[in-house]
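Heads up, the thing below is written out as structure tokens.
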There are 2 protein chains.
Amino acid sequence: MPNYHRPSVTVDVVVFGLDDSVGALKVLLIKRGRPGTAFEGCWAIPGGFIEKDEDLEVAARRELREETHAEPSYIEQLATFGRPGRDPRGHVISVAYMALVRCDSLVIQGDDDAKEARWWSVDHLPDLAFDHAEILATALKRLRNKVRWQPVGLDLLPLVFTLSDLQRVYETILGKSLDKRNFRRKVMSYGVLVSAESMRVGSPGRPPSLFRFDREAYEALQEEGVEFEVTA
Amino acid sequence: MPNYHRPSVTVDVVVFGLDDSVGALKVLLIKRGRPGTAFEGCWAIPGGFIEKDEDLEVAARRELREETHAEPSYIEQLATFGRPGRDPRGHVISVAYMALVRCDSLVIQGDDDAKEARWWSVDHLPDLAFDHAEILATALKRLRNKVRWQPVGLDLLPLVFTLSDLQRVYETILGKSLDKRNFRRKVMSYGVLVSAESMRVGSPGRPPSLFRFDREAYEALQEEGVEFEVTA
DNA sequence: ACAAAAGTGTTGGGCTTACACCCATGG
DNA sequence: CCATGGGTGTAAGCCCAACACTTTTGT
């Protein structure tokens, strides 16, 4: 191959999750640890350099695993960022991914070498390294859009959940409250929910009935699109 | 910067246009000319290697200009392709763009050095180099999707056009025919069209009235989204 | 008995669809 | 005068949005 200029290439992964109470949308960030590296001590989206002949998505999952031990249940390519000057170290192009993880697999820990990883609420973020604020904003926009035409609950909720949980997912992501009756009617009409026998107990109020997703119907819906726009 | 592996990075641009009669959706392809290069003589999406510290979109526009003299009126990043083995020459990552050009600026010519450039109808494509068939398929899918929630006529039609022209754009891209009355009602309701005084003459049938886009209203609509789904 | 969350139906309005005929010009 | 494409209106049905009270449990 002719001797063309070769930039460095990284993959970065914006991981979204919901907190236990499904009350807030969170992003997984790492604290840049290694002394002497760029943006030392700054918070950043997890990611790193791709290896020789490594597939991009594979690299994204690898970096995520190495830095946070997270295994996302969904991942998609977001966009590629290559503005000159975005990395003070030189010409670095970043292929960004967006990922979702389930509430019940939020067991996150940092890397061995002093790197810290934790969840941040999307509306109280720290300053971010590089152009990561821009990347994150892009991811958030994408998620808010995606939610309107593809189902998204399966990748964010535990296996078994209540309709109120699901409604809270949408309210949290869209940042507005939805009408309970209209929400339920609409969700049920898609036929992707099957009732789980058990009932949740112990909480105040009438015990809710539990559901799980019908995986096949869910994936069919994912293909064809949803048109999910529910009223305030 | 530490000595990480560096792949080569290319940008490739899938350019869509409509033919004069607005009757077919076309893609601009180039014939790979230089002897001794990979896929010599094969048709391919225009593109090439990025230069040092060059912005990705700038590189995309530059390659397009160099290879086809086309200046798209719209361009957006599509996706990045990095599957190992996609380029026989080694580890090459391609950032793909999708672009639209207006009918009346279709003056295309190949590069100086024997490279040929021409339009191909999207449903009669030649074999393509690398994974360009996959990239093109992705672009086509994106365009067909985009059309449903963003206006697209401004970037494909000449400055002045008829409602029938516009309808044909949608029919061509979506690949299905639409109801004339419903189409007109819907389009007019967006308030992005202003009537151009003149009338087209010379063709058989009643002379149509001409319109142009109200740029401001158009761009506002582009922001907020359109919800454009018209019936067969 | 009270607080807390779950669950449940109906109605009006607006938008979408389906559909067929006349109009203005060129040849 | 005829062929060609341009232009126009209406009625039926569906889906969406708005809205308030009853049920079931824990304390």
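In what follows, every chain begins at residue 1, and chains take the letters A, B, ... in the order their sequences are listed.
- In this structure, A:Met188 atom CE and D:dC16 atom C1' are separated by 19 Å, rounded to whole Å.
- Judged by distance alone, the side chain of A:His132 and the main-chain N or O of A:Ile45 form a donor-acceptor pair under 3.5 Å.
- When ring centroids are compared, B:Trp149 and A:Trp149 stay outside the 6.0 Å threshold.
- Of the charged side-chain nitrogens involved, at least one lies within less than 4.0 Å of a carboxylate oxygen, so that B:Glu76 and B:Lys146 count as a salt-bridged pair.
- Atom-to-atom, NZ of B:Lys186 to P of C:dG14 comes out at 17 Å; the value is rounded to the nearest Å.
- Near DNA chain D, meaning a heavy atom under 4.0 Å from it, residues 163-171 of chain A has no residue at all.
- The two residues B:Trp119 and B:Gly17 come nearest to each other via the heavy atoms CZ3-N, 3.5 Å.
- A:Ser209 comes within contact range of the sugar-phosphate backbone alone, with a heavy-atom separation under 4.0 Å but no base atom that close.
- If you measure from atom CZ of B:Arg184 to atom C1' of C:dA20, you get 15 Å, rounded to the nearest angstrom.
- Shown are A:Asp155, A:Leu159, A:Val192; of these, the side-chain contact (heavy atoms from CB on, under 4.5 Å) with A:Phe213 is made only by A:Val192.
- Distance CZ (B:Phe183) to P (D:dG7): 12 Å, rounded to an integer number of Å.
- Shortest non-hydrogen contact noted between B:Glu171 and B:Leu178 is OE2-N, 2.8 Å.
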Under a 4.0 Å heavy-atom criterion, the protein footprint on nucleotides 19-27 of chain D, written with B, S and -, is BB--BBBS-
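- At whole-Å resolution of the value, OH in B:Tyr190 and P in C:dC15 are 11 Å apart.
- Side-chain polar atoms of A:Asn145 and A:Arg142 form no donor-acceptor pair below 3.5 angstrom.
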